[in-house]
Amino acid sequence: MAAQAPDVNHRLHGLYVITEDRPPATRPLIVGVEAALRGGARVVQYRDKSEDRGRRLEEARALKQLCSDHKALLLINDDLDLAAEVGADGVHLGRDDPNVASARAKLPRESVIGVTCYNEFERARQAAERGADYIAFGSFHPSPTKPYAVRADPELLRRARRELSLPAVAIGGISHENGAALVSAGADMLAVISAVFAARDITAAARAFAPCFTPAEETER
């Protein structure tokens, strides 16, 4: 497994927001992400599968500056060239995306590389062996974004905590009501889209996730 920078695990913790495919015209993508960062989001994944290269480059550059200002990480979904061009903090890779080795060869040494593992622990084990910095499991709950996604069991998070020495993300229908149980099971990050960006008050919706990451003994004081 590739050695991680000393602060990588510390930074890979907390609320992880994924950008919307189609933000409302009345609230541009950058405005929504800034509101989420004000609410405490620690990681932003820019996910845009469109062919509009110019717009994607402009948005990614703006997001990089915004995340830097808020001391958050910007990860690009699957596009190694875009990540390299804007100086993103890393990439997130899915089943049909480039592999970890290709990402390591293309990006700076300190780049964060995450891998979607769906409901497959063996895929997570392989990702760890190949040098991924974090793994993502899901969908844990019904998701309006991906209603037909495979369902994952929280035992995957418990097993990852026991057997793998890298952070884990839980994704799929996550809310501040069900997120704490997944953190207790072993999730270091909770990845959300609609639970934050579909809210009327995005900052408040993001802030509502903070107790999910607070140990029970602290909340009882």
Side-chain angles (χ1 to χ4, degrees), residues 1-18 41-45 47 72-73 75-78 80 89-105 107 109-143 146 149-193 209-218:
M1 187 183 305
Q4 296 178 330
D7 67 335
V8 165
N9 282 8
H10 172 72
R11 299 184 75 187
L12 292 173
H13 178 82
L15 181 61
Y16 178 132
V17 295
I18 301 172
R42 301 281 296 276
V43 181
V44 174
Q45 182 192 135
R47 184 181 184 277
L73 296 173
L75 307 180
I76 305 296
N77 181 281
D78 84 27
L80 303 184
D89 297 292
V91 292
H92 183 84
L93 307 175
R95 193 189 305 274
D96 301 318
D97 297 332
N99 59 34
V100 174
S102 297
R104 286 281 176 227
L107 301 175
R109 180 180 179 184
E110 68 276 11
S111 296
V112 172
I113 299 174
V115 176
T116 294
C117 300
Y118 309 97
N119 60 352
E120 305 168 27
F121 187 80
E122 188 54 35
R123 183 177 176 84
R125 188 193 304 280
Q126 291 173 5
E129 291 173 351
R130 292 168 183 169
D133 292 297
Y134 73 85
I135 50 175
F137 292 113
S139 175
F140 286 96
H141 298 283
S143 167
K146 293 187 176 182
V150 296
R151 192 61 54 83
D153 190 283
E155 179 57 30
L156 286 163
L157 297 168
R158 299 185 186 97
R159 189 176 177 190
R161 177 178 281 178
R162 290 193 306 266
E163 301 181 28
L164 305 177
S165 59
L166 72 172
V169 177
I171 189 170
I174 309 294
S175 68
H176 67 269
E177 290 96 346
N178 62 34
L182 296 172
V183 173
S184 294
D188 299 277
M189 293 170 279
L190 299 176
V192 302
I193 303 176
F209 279 88
C212 296
F213 301 98
T214 303
E217 60 269 20
E218 291 186 19

At what distance, to the nearest 0.5 angstrom, does CZ of R42 lie from CG of L190? 12.5 Å
If you take all heavy atoms of S143 and S139, which pair is closest and at what distance? CB-OG, 4.1 Å
Evaluate the side-chain proximity of L157 to L182: yes if any heavy-atom separation is below 4.5 Å, no if none is. yes
Side-chain touch I171/F140, heavy atoms, less than 4.5 angstrom: no
Donor-acceptor contact present, side-chain N178 to main-chain G173, <3.5 Å: yes
Between T214 (side chain only) and A210 (backbone N and O only), is there a donor and an acceptor less than 3.5 Å apart? yes
Trace of the salt bridge (Lys or Arg N to Asp or Glu O under 4.0 Å) decision for D133 with R104: CA-CA 11 Å; D133 292 297; R104 286 281 176 227; 2.8 Å; yes
Does a side-chain heavy-atom distance below 4.5 Å link M189 with V43? yes
Minimum side-chain heavy-atom gap S111-V91 below 4.5 Å: no
Heavy-atom donor-acceptor pair, Y118 side chain to R95 backbone, under 3.5 Å: yes
Does L80 form a side-chain contact (heavy atoms from CB on, under 4.5 Å) with D97? I'd like the steps, not just the answer. CA-CA 9 Å; L80 303 184; D97 297 332; over 6 Å; no
Considering only NZ, NE, NH1 and NH2 on the basic side and carboxylate oxygens on the acidic side, decide whether R162 and E155 come within less than 4.0 Å. yes
How about V115 and V100: do any of their side-chain heavy atoms sit closer than 4.5 Å? yes
Do R125 and E120 make a side-chain contact, defined as non-hydrogen atoms from C-beta onward lying under 4.5 Å apart? no
Assess the residue pair D188 and F213 against the criterion (side-chain contact (heavy atoms from CB on, under 4.5 Å)); give the C-alpha distance rounded to whole Å, side-chain angles, the decisive distance to 0.1 Å, and a yes or no. CA-CA 8 Å; D188 299 277; F213 301 98; over 6 Å; no
Return the minimal non-hydrogen interatomic distance between A168 and G186, and the atom names on each side. CB-O, 4.1 Å
Using 30° and 60° as the class limits, which term best fits the ring planes of Y16 and H92: parallel, tilted or perpendicular? perpendicular
So, does R123 use its side chain to make a donor-acceptor pair with the main chain of T116 at under 3.5 Å? yes
side-chain contact (heavy atoms from CB on, under 4.5 Å) between D78 and I76: does it pass, once the steps are laid out? CA-CA 6 Å; D78 84 27; I76 305 296; 6.0 Å; no
Geometric class of the F137/F121 ring pair [parallel <30°, tilted 30-60°, perpendicular >60°]: parallel
Which atom pair, heavy atoms only, marks the closest approach of L166 to A128? CD2-CB, 3.7 Å
Restricting to non-hydrogen atoms, name the atom on C212 and the atom on A180 that form the minimum distance, rounded to 0.1 Å. SG-N, 3.6 Å
Side-chain heavy atoms of V112 within contact of L75, under 4.5 Å: yes
Are side-chain heavy atoms of I113 and L93 found at a separation under 4.5 Å? yes
If only atom types and distance count, is the side chain of S102 paired as donor or acceptor with the main-chain N or O of P98 below 3.5 Å? no
